[in-house]
Amino acid sequence: MPKPTDIPSFAATQLTLLDAELQAELAETNALLSSHTPAALSRAGLAILNLNVSSIRTGLGGKTVVELGLDPAVVGKGDKADIPEHGIRVGDIVAVQDQPAGSAKKSEKRDLAKKGVEGVVLRLRRENIEIILDKEDADVPSGGKLWLVKLANDITYKRMNQTMGNLKKLSDQDYTPFMRVLFGQGSPSPLPSDLNDPSNPLHKLEWNDPSLNDSQQEAIRFALASREIALIHGPPGTGKTHTLIELILQLLKQKLRLLVCGPSNISVDNIVERLASHKVSMIRLGHPARLLPSVLNHSLDVLTRTSEAAALVQDIRKEMDDKQASIRKTRNAKERRQVYTDLKELRKEFRERERGCVDNLIRGSKVVLATLHGAGGFHLKGQEFDVVIVDEASQALEAQCWVPLLWVKASKLVLAGDHLQLPPTIKSLNSKEAKAAKKATEKKDGKDHGAASNGDGNIDAVKPVAPSMTLETTLFDRLLALHGPCIKRMLTTQYRMHENIMQFPSAELYDSKLIAADAVKHRLLKDLPYKVEDTDDTREPIVFLDTQGGDFPEKTEDEGIKKGSKGMSLGDSKSNEGEAALVKLHVNQLTEAGVKAEDIAVVTPYNAQVALLSGMLKEAYPGIEVGSVDGFQGREKEAVMVSLVRSNADGEVGFLGEKRRLNVAMTRPKRHLCVVGDSETVGRGSQFLKAWMDFLEEHADLRYPNISDTYADEAGAG
Ligand SMILES: Nc1ncnc2c1ncn2[C@@H]1O[C@H](COP(=O)(O)OP(=O)(O)OP(=O)(O)O)[C@@H](O)[C@H]1O
């Protein structure tokens with residue numbers, strides 16, 4: 001029996017950690033907003049200037065939706081101008097406010113982010129942007145020019161906080177047997193002993209997908225047989241989602257009701273799209289603006305419009321829109337107040353009718369899909385599901401997983417993920433508050449918890465971790481540490497990489513259990529289905545450009561605020577110009593041989609290197625993808641180049657030392673992996689890095705580029 005976790009103290013630690021994380025996020029945003037002018041924020045993609053309200057309407061939930069377009073005075077009369085490029089995305093939280101005149105004092109400009117109305121970006125088009133306002137009676141600034149600025153997003157934290165607050169308040173008799181298993185206060189029910197016996201009915205399942213491999217079939221049987229929890233461990237390219245789809249179909253055959261979640265909209269939509277091809281009737285909860293167009297037909301929004309009850313809701317919607325329009329026409333304060341009062345009434349009525357319609361739809365649905373966050377909306381409160389399934393579970397914070405688990409009634413959980421790839425991004429990892437919380441947990445547990453949660457170990461092999469050591473410890477990690485490998489099944493055939501590319505990660509991280517599917521194990525660039533020449537590069541699955549010797553040194557840069565960078569990070573980053581030049585040369589050789597630029601990706605752990613490489617490659621090789629390792633998780637390309645950047649006399653490798661990041665980097669390619677790095681520096685970083693450098697030396701096509709040739713050749717490339 002595992003050591004049981006005290007649930008209230010688990011929840012309390014989570015609350016402290018979540019708060020530290022929110023503070024870190026707020027501090028980062030505030031630092032940005034207070035130290036930059038609107039013009040600078042706009043250049044960094046975090047704000048849009050010179051806007052006007054072009055229309056106002058009523059959206060889902062009776063909320064006010066404001067559409068903003070460029071101010072005609074700026075664009076020129078009659079022209080419809082595109083909004084300049086920006087980094088604001090659907091779902092971002094923004095403030096809309098009067099734009100300071102160019103002549104306004106600096107301090108006045110800086111204060112702006114605190115005033116105005118707040119809302120969420122609903123839709124982005126080339127020439128306008130729609131914002132759904134938070135407050136029902138918010139008065140949209142209407143006079144002069146407006147600007148819009150991105151704020152810190154605290155919505156998801158609020159829901160996680162609420163969830164952990166609720167968990168903390170539960171008393172012993174509130175804990176279900178299922179919950180007790182999740183906290184080690186009970187063990188998972190034993191599996192039927194004959195699960196491996198071919199005469200077990202689970203061996204006579206009729207598969208919808210006859211191509212499922214043995215490990216996938218076994219994982220499905222295991223998940224069907226498990227009573228409380230089942231973990232499906234899917235290393236890169238092993239068909240985790242593929243397996244979940246079959247599992248869902250099998251569970252539906254058993255007439256069970258399912259809630260299927262993922263941490264991101266895209267992870268959920270991916271499943272909806274694949275289920276749709278099996279003609280499964282389902283409901284996708286979530287804001288239509290955030291869903292893939294192909295998924296919209298299953299969205300609640302569309303279903304409430306197309307179902308019978310919808311007509312009732314539409315009437316009121318129209319009436320509300322008319323009222324909204326009339327507010328803007330009247331300047332009389334008394335009349336405006338009256339319209340607001342009417343709107344309030346209408347909104348109430350609208351919501352009641354909408355709720356009735358939505359409730360019927362959801363209750364009648366056997367599969368409901370939503371993000372973990374979205375599953376905590378009022379629609380699902382208290383509803384019963386037989387199984388909750390979470391895809392990409394190692395990308396979700398534990399508190400996020402508890403949103404559906406506490407909100408609905410469920411007695412079984414299936415998690416699919418890979419704890420050996422990157423966990424969710426945490427900003428407060430080293431903050432004072434986070435360290436204090438961590439210390440407190442350690443003290444309580446009175447022992448060293450091994451290296452599991454700092455990414456330094458294969459979780460299977462180490463001692464149990466404390467339940468809430470850091471925010472980075474996911475539910476997947478914790479359950480594995482709590483109950484051991486008996487609660488999981490691993491998928492072992494991978495359908496992505498050439499077998500040489502797979503070899504190192506398999507040996508170091510997956511107990512040498514990975515097998516390359518026949519269709520992929522010998523695939524090279526020269527065999528691409530279009531014409532590619534057979535060259536030294538296109539016939540090699542792995543090339544290592546080893547820059548050892550100190551001629552390709554790293555450089556520390558102040559990143560500033562960068563367009564397109566994930567989040568809004570400030571501070572130091574590393575770059576390496578010599579490596580970037582080598583990357584360009586290699587890309588040139590690949591494209592000269594006929595490899596299409598869109599089949600090539602360049603990834604690197606450092607934002608400054610991403611920026612440098614983007615500048616050098618994007619124009620010369622349209623279609624090429626350049627990005628951070630973290631941002632490329634879940635993706636794949638025919639050819640992937642990895643620029644390691646670090647090259648210094650001290651053997652400093654920074655966050656290259658995180659093996660889950662390296663795992664992601666080296667498992668993205670299908671046919672060709674080219675690593676660019678200094679084996680001397682990198683090999684001193686960790687045992688894992690040393691082993692990788694040794695592996696590359698032995699198994700890659702090893703090349704020692706020369707700095708002067710690099711620059712001479714680079715001048716001719718691209
Ligand atoms: N049994 C199978 N036979 C043939 N191809 C398969 C099989 N299972 C999965 N695949 C293929 O492998 C690829 C990866 O599958 P899928 O997208 O489900 O993987 P995933 O594990 O969810 O992704 P990731 O590797 O990013 O975690 C897909 O192209 C899929 O068609």
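Counting convention: from 1, in listed order, for ligands and their atoms alike. None of the values given here were measured: they were computed from a predicted structure.
Separation of the Phe688 and Phe504 ring centroids falls under the 6.0 Å cut-off. A centroid separation of less than 6.0 Å is found between the aromatic rings of Tyr510 and His233.
Polar contact with ligand 1: present for Lys240 (N/O pair, distance under 3.5 Å).
For atom 30 (C) of ligand 1, the closest heavy atom belonging to the protein is His242 ND1, 4.0 Å. Scanning the protein heavy atoms around atom 16 (P) of ligand 1, the nearest turns out to be Gly239 CA, 3.6 Å. The protein heavy atom nearest to atom 12 (O) of ligand 1 is Tyr495 CB, 3.3 Å.
Contacts with ligand 1 closer than 4.0 Å are made by side-chain heavy atoms of Gln216 only, the backbone lying farther away. In Arg274, the part holding a heavy atom less than 4.0 Å from any atom of ligand 1 is the side chain. Counting heavy atoms closer than 4.0 Å to ligand 1, residue Leu212 contributes backbone atoms (N, CA, C, O) but none from C-beta onward. Counting heavy atoms under 4.0 Å from ligand 1, residue Arg496 touches it through the side chain alone.
Listed by first and then second residue, the side chain to side chain donor-acceptor pair (under 3.5 Å) pairs that reach into residues 258-270 are Ser264-Ser267, Asn265-Arg284, Asp269-Arg284, Asn270-Arg274, sequence neighbours excluded.
Per-atom contact check: atom 28 (C) of ligand 1 does not touch the protein, criterion being a heavy-atom distance below 4.0 Å. The presence of a protein heavy atom under 4.0 Å from atom 18 (O) of ligand 1 is confirmed. Taking a distance limit of 4.0 Å, we find that atom 3 (N) of ligand 1 is approached by some protein heavy atom.
Residue-ligand proximity, Gly634 to ligand 1, at heavy-atom distances under 4.0 Å covers atoms 26 (O). Atom numbering of ligand 1 starts at 1 in the shown order; those under 4.0 Å from a heavy atom of Asn213 are 1 (N). Residue Gly237 approaches ligand 1 through these ligand atoms, each under 4.0 Å from one of its heavy atoms: 24 (P), 25 (O). Residue-ligand proximity, Ser211 to ligand 1, at heavy-atom distances under 4.0 Å covers atoms 1 (N), 2 (C), 3 (N). Every atom of ligand 1 is numbered from 1 in the order shown, and the set under 4.0 Å from a heavy atom of Thr241 is 18 (O), 20 (P), 22 (O). Counting atoms of ligand 1 from 1 in the listed order, those under 4.0 Å from a heavy atom of Pro236 are 25 (O).
In terms of the ring pair (Phe, Tyr, Trp, His ring centres under 6.0 Å) criterion, residue partners of Tyr606 (sequence neighbours excluded) are, by chain and number, Phe655.
Using a cut-off of 4.0 Å between Lys/Arg side-chain N and Asp/Glu carboxylate O, Arg257 and Asp386 are scored as not salt-bridged. The residues Asp599 and Lys637 are annotated as not salt-bridged, no charged nitrogen and carboxylate oxygen being separated by less than 4.0 angstrom. Under a 4.0 Å N-O distance rule, the pair Lys412/Glu228 does not qualify as a salt bridge. A salt bridge between Arg668 and Glu636 is absent, with no side-chain N of the basic residue lying under 4.0 Å from a carboxylate O of the acidic one. One finds a salt bridge joining Glu625 and Arg635 here, because a Lys/Arg side-chain nitrogen approaches an Asp/Glu carboxylate oxygen to under 4.0 Å.
Between Phe476 and Leu231, the closest side-chain pair of non-hydrogen atoms falls below 4.5 Å.
With no hydrogens or angles considered, no side-chain donor-acceptor pair links Asp630 and Ser628 at under 3.5 Å.
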